[in-house]
Amino acid sequence: MSKSNTTRRRFLTGAAATVGAAAATSFIPTRFAIAAKAPVRVGILLPYSGTYAMLGNSITDAMKLRIAQAGGVMGGRAVEYIAIDSEMSVPKAAQNANKLISKENVDFLVGPVHSGIAAVMAKIVGQRKTPIMIVPNAGSNDVTGGLCAPNIFRTSFSNWQAAYPGGTLMAKEGHKTCATISWKYGAGIQMMAAGRESFAKAGGKSVKDILLPFPNVEFQAHLSEIAELKPDAVFAFFSGGGATKFLKDYAAAGLKDKIPLYGPGFLTEGVEKAAGAAAEGIKTTLHYASNLDNPANKAFRAAYKTSTGNDANVFSVQGYDAGSLMLQAMAAVNGDTGATADIIASMEGSVFLDSPRGVWRMSKAHNPIQDIYVRQVAGGEQKLLGVAAPALEDPATGCKAG
Ligand code: PHB
């Protein structure tokens with residue numbers, strides 16, 4: 001059995017039987033026979049410049065790797081990628097998304113990284129039947145909450161989901177007070193709220209909540225204020241280049257050994273080497289750890305290293321799983337991108353048995369139900385300490401689906 005067959009067999013979908021039956025009876029209309037020869041069009045709207053460039057590149061590289069591992073075809077058709085640099089610009093988001101949807105006629109729209117852009121895209125895509133949008137990072141709670149729609153799926157996390165267990169961890173480690181610090185936009189606001197929510201539930205209290213304009217990295221004055229306030233701990237969300245700068249500034253301000261840092265794992269993810277000693281020892285919560293002991297993770301990390309020269313991170317895992325999600329759905333409809341309802345049904349019932357992050361399944365709101373781990377940076381890697389929240393599901397507040 002070939003590698004891709006093995007993988008496909010290990011990817012369950014609740015709708016597989018139904019889709020298979022439909023395929024046997026009603027397929028092969030002329031429209032499909034002609035379209036079958038054309039490549040599947042995958043639009044990508046991700047950041048390739050600025051503070052989140054590493055995230056966009058990790059997602060793209062891993063998604064392409066996954067599809068290359070399946071022979072570069074989805075449902076028997078070649079794949080064409082049409083990528084736009086989001087520049088992390090919310091004002092340009094609608095124009096960029098519309099370009100991919102209306103001008104480039106993409107079948108799948110993969111993106112974004114940034115919660116603010118995600119909300120703009122979800123409003124546009126959710127009002128249409130096509131394309132199928134797959135969010136490979138942005139955690140905006142609304143995308144699988146109030147803005148949820150049949151044709152919007154996420155292979156990453158919700159902001160609540162990644163941050164809530166972090167507040168619990170901080171309390172469990174004996175801390176009673178904290179300060180929170182992040183960027184003032186959807187992701188930072190929602191993650192800090194979730195961290196405070198679980199911290200308060202465990203008896204903790206935030207004494208100061210600091211928000212900087214995105215993607216500002218002028219941390220000095222805020223670090224001085226934190227040093228004066230002396231909370232037991234600091235809960236932070238930054239990511240990419242901004243996270244590296246924050247970790248370095250935090251250590252340089254002499255705070256690292258005095259006031260332990262916590263947060264959703266993006267704070268240290270993919271920046272372990274760049275931040276060096278400033279990241280060592282920091283404990284965070286996330287749906288991935290680099291040394292997760294499952295065969296899929298080991299094979300993925302080795303293949304990713306060979307093909308990109310880089311170490312895999314959570315962003316690449318999310319991109320890899322976006323590739324898997326499209327592959328299995330396209331296989332289920334034999335490459336018929338017009339069979340939208342069947343593609344959606346296939347994605348809705350999906351259970352990922354071979355994800356590098358461990359087993360996860362798609363919720364009714366189209367967000368992963370997944371284990372959230374406790375990790376610690378040691379020797380430049382994210383080492384697993386335990387499971388903070390098994391099979392955690394986002395509450396999907398406001399989503400009428402399911
Ligand atoms: C987001 O904007 O939703 C976001 C960005 C970077 C991360 C996580 C979430 O690392």
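Below, each value reflects all heavy atoms present in this structure, side chains not excepted, and no hydrogens, waters or symmetry copies. One-based numbering, in listed order, for ligands and for the atoms of each. Just so we're clear, the structure is a prediction, and the values are computed from it rather than from any experiment.
Between Leu55 and ligand 1 there is a heavy-atom distance shorter than 4.0 Å. Proximity of Glu269 to ligand 1 is not established, as no heavy-atom distance is less than 4.0 Å.
Side-chain atoms of Asn159 never come within 3.5 Å of backbone atoms of Met191 as a donor-acceptor pair (strictly under, hydrogens ignored). Between the side chain of Thr155 and the backbone N or O of Gln318, at least one donor-acceptor pair lies under 3.5 Å. Side-chain N or O atoms of Gln370 include none that pairs as donor or acceptor with a backbone N or O of His287 at under 3.5 Å.
Listed by atom number, the atoms of ligand 1 under 4.0 Å from Met191 heavy atoms are 8 (C), 9 (C). Atoms of ligand 1 found under 4.0 Å from any heavy atom of Phe157, numbered from 1 in the order shown, are 8 (C), 9 (C). Close approach to Phe315 involves these atoms of ligand 1, each under 4.0 Å from a residue heavy atom: 10 (O).
Side-chain N/O atoms of Tyr262 and Glu173 include a donor and acceptor closer than 3.5 Å. Looking only at atom types and distance, the side chain of His114 has no donor-acceptor partner in the side chain of Tyr185 under 3.5 Å away.
Looking only at protein heavy atoms, the nearest one to atom 10 (O) of ligand 1 is Ser239 OG, 2.7 Å. Among all protein heavy atoms, the one lying closest to atom 3 (O) of ligand 1 is Ser115 OG, 2.6 Å. The nearest protein atom to atom 2 (O) of ligand 1, hydrogens excluded, is given as Tyr185 OH, 2.6 Å; this is a heavy-atom distance. The shortest contact between atom 1 (C) of ligand 1 and any protein heavy atom is with Val113 O, 3.1 Å.
Taking Ser363 as the reference, Ala365, Asn367, Ile369, Glu393 meet the side-chain contact (heavy atoms from CB on, under 4.5 Å) condition, with sequence neighbours excluded.
Considering backbone and side-chain N/O of Gly139, one or more are found under 3.5 Å from N/O of ligand 1. Polar contact with ligand 1: absent for Ser140 (N/O pair, distance under 3.5 Å).
Note: Phe352 and Trp360 have parallel aromatic rings, judged against thresholds of 30 and 60 degrees for the angle between ring planes.
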Any chance you could lay out the side chain to side chain donor-acceptor pair (under 3.5 Å) test for Ser316 and Asn313, step after step, and finish with the verdict? CA-CA 5 Å; Ser316 39; Asn313 53 45; 3.2 Å; yes
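Heavy-atom proximity to atom 9 (C) of ligand 1, evaluated over Asn141, Thr51, Asn137, is greatest for Asn137.
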